[in-house]
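These notes are about the structure you will find just below.
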Protein chains: 2
Amino acid sequence: MIQTDLSQVNTQIPANWKKVNTMEKKETAKERILRVASELFYREGIRAVGIDRIIEESGVAKASFYRNFATKDDLIVAYLENKSRESLGRVDEAEQRYPDSPKMVLSTLLDNLIDRLNAPENRGCAFMNTVVEFPDANHPGHQTAVEHRHELWRRVEEIARRGGAQHPEELASQLRMLCSGAIMVSYTDKAAFHAEYLRNAIRLLIEKHAVR
Amino acid sequence: MIQTDLSQVNTQIPANWKKVNTMEKKETAKERILRVASELFYREGIRAVGIDRIIEESGVAKASFYRNFATKDDLIVAYLENKSRESLGRVDEAEQRYPDSPKMVLSTLLDNLIDRLNAPENRGCAFMNTVVEFPDANHPGHQTAVEHRHELWRRVEEIARRGGAQHPEELASQLRMLCSGAIMVSYTDKAAFHAEYLRNAIRLLIEKHAVR
DNA sequence: TTCGGAAGAGACAGATCTGTCTACCTCATT
DNA sequence: AATGAGGTAGACAGATCTGTCTCTTCCGAA
């Protein structure tokens, strides 16, 4: 019997497998909810996706949802914190790869961005989108999104400073406007987005500020 | 009595005053609804503002609303078409003011943009915001917004071409990314927006493309 | 003065949304 | 074998949202 076989297999797994083996750990309800919600929120918008939809698509009971997330707002914040970790993780990675060349770090981050903008699932920036969907500055999602963007561009400014930019604050601000706009254009009108034009403009700015 | 005085004044207005005197024409219910809805939609977001709220704040009956706008989507489209007229009107105006200097036209439009971004009521771009709020490309609001942006930047490209830009398509695309991003940054994090940095970046691009 | 169209007031329907609550089940650990 | 944490199933409440419908009132034009 399949049932019997499975239980035999299970008994062979050490009692502390949860800590030992993280790869084959079964996805918890919380993880599943967050994964499904992330995809729906990003693809269709946060306001457009109701709790019931998330519950149904993640195959979870309503009580399970509310045991893991007190309110929808809590889920929204978890979604954004997750995205933020991913985003800042990419910066970490690029800095570790080129610890001695801020210019290469910026170049890597740009390549990275362009790849994501050209991907078919691109729906723009989760953080800008959230601020637009929740213009109230007191909304926890709004705040989380603003904080992330602040931190991200603070780090880019730091990289520009290490790269010897003459006016790192100005350069970071200009890169921020250009990249934010590129994200919006690639989302709102994919046909109007040309990665080469973005690359040229960024190169022009970086040369102007003499980053090495 | 005030009432009597008013009616006497009224009788002195010609029968066809509606067509003759457009200045003192009393605002119709439709106009009032659109004005109130525009402000609310722009300030608080379209999805966040319900029909009931618009009806209440414009002091109109529900039946009056639905006599003038078949659905909320119709109102959304009217709101965007209004904004689009304003936006393209600013382009017309700048072109009429400097018919022989595309460079001055672009400069005027930039000044104009910066003024709006620094205004306290700035809530970003109504069209980008609408696309974010309605990611479904079939939504009439989404479509209207995308069409406006297409037309606006087609016209900027045309101005760049008249100005002798070496690569007008590239310049327009770069200006579009930069300005779109400036709008988002000035909205999502007002403190991080510096008009001078935007100006410098735009000057750099315009010089690079040798617009005259 | 009468008439018709536009507007006001508001009840109502039906859908949907967030969040609560009860009752039962599964399973790893003790 | 018992237990407790976490999971399933689903009814329910209360708010809100879009849109319909009826009845009354106002006002300008003929």
Please state whether the phosphate of D:dT8, meaning OP1 or OP2, lies under 4.0 angstrom from any side-chain nitrogen or oxygen of A:S64. yes

Is it true that atom CD of B:Q143 has more than 12 heavy atoms of other residues, nucleotides or ligands lying nearer than 6.0 Å? yes

Is it true that A:R161 and A:E169 have a side-chain N and a carboxylate O under 4.0 angstrom from each other? no

Output the rounded distance in Å from NZ (B:K30) to P (C:dG8). 15 Å

Residue pair B:H148 / B:L152, side-chain heavy-atom distance below 4.5 Å: yes

Expected list for residues 32-48 of chain B near DNA chain D, using heavy atoms below 4.0 Å, is none

Looking just at side-chain N and O atoms, do A:T108 and A:D111 make a donor-acceptor pair shorter than 3.5 Å? no

Hey, are B:D92 and B:R85 close enough for a salt bridge, meaning a charged N less than 4.0 Å from a carboxylate O? no

For DNA chain C, which residues in residues 51-62 of chain B have a heavy atom at a distance below 4.0 Å? B:G59, B:V60, B:A61, B:K62

Do A:E56 and A:R53 pass the salt bridge (Lys or Arg N to Asp or Glu O under 4.0 Å) test, and can you show the C-alpha distance, the side-chain angles, and the key distance before you say yes or no? CA-CA 5 Å; A:E56 195 205 326; A:R53 175 97 181 281; over 6 Å; no

Taking only heavy atoms on the protein side, list every residue of residues 66-80 of chain A lying under 4.0 Å from any atom of DNA chain C, sorted numerically. A:Y66, A:T71, A:K72

Just report the end-to-end axis angle for the helix from C:dT1-D:dA30 to C:dT30-D:dA1, five pairs per end, to 10 degrees. 10°

Side chains of B:H139 and B:D73: is there a donor and an acceptor less than 3.5 Å apart? yes

Between B:W153 and A:V185, is there a side-chain heavy-atom distance shorter than 4.5 Å? no

For residues 61-70 of chain B, please give each side-chain donor-acceptor pair under 3.5 Å, one per line with the distance, not counting sequence neighbours.
from: B:K62; atom 1: NZ; to: B:D52; atom 2: OD1; distance (Å): 2.9
from: B:N68; atom 1: ND2; to: B:S64; atom 2: O; distance (Å): 2.9

With sequence neighbours excluded, what pairs up with B:Y42 under the ring pair (Phe, Tyr, Trp, His ring centres under 6.0 Å) test? none

Checking A:E81 side chain against A:A78 main chain: does a donor-acceptor pair fall under 3.5 Å? no

On a heavy-atom basis, the closest approach of B:N129 and B:R123 is ND2-O, 3.0 Å

Would you check, one step at a time, whether the test side chain to side chain donor-acceptor pair (under 3.5 Å) holds for B:S186 with B:R116? CA-CA 10 Å; B:S186 72; B:R116 277 176 290 130; over 6 Å; no

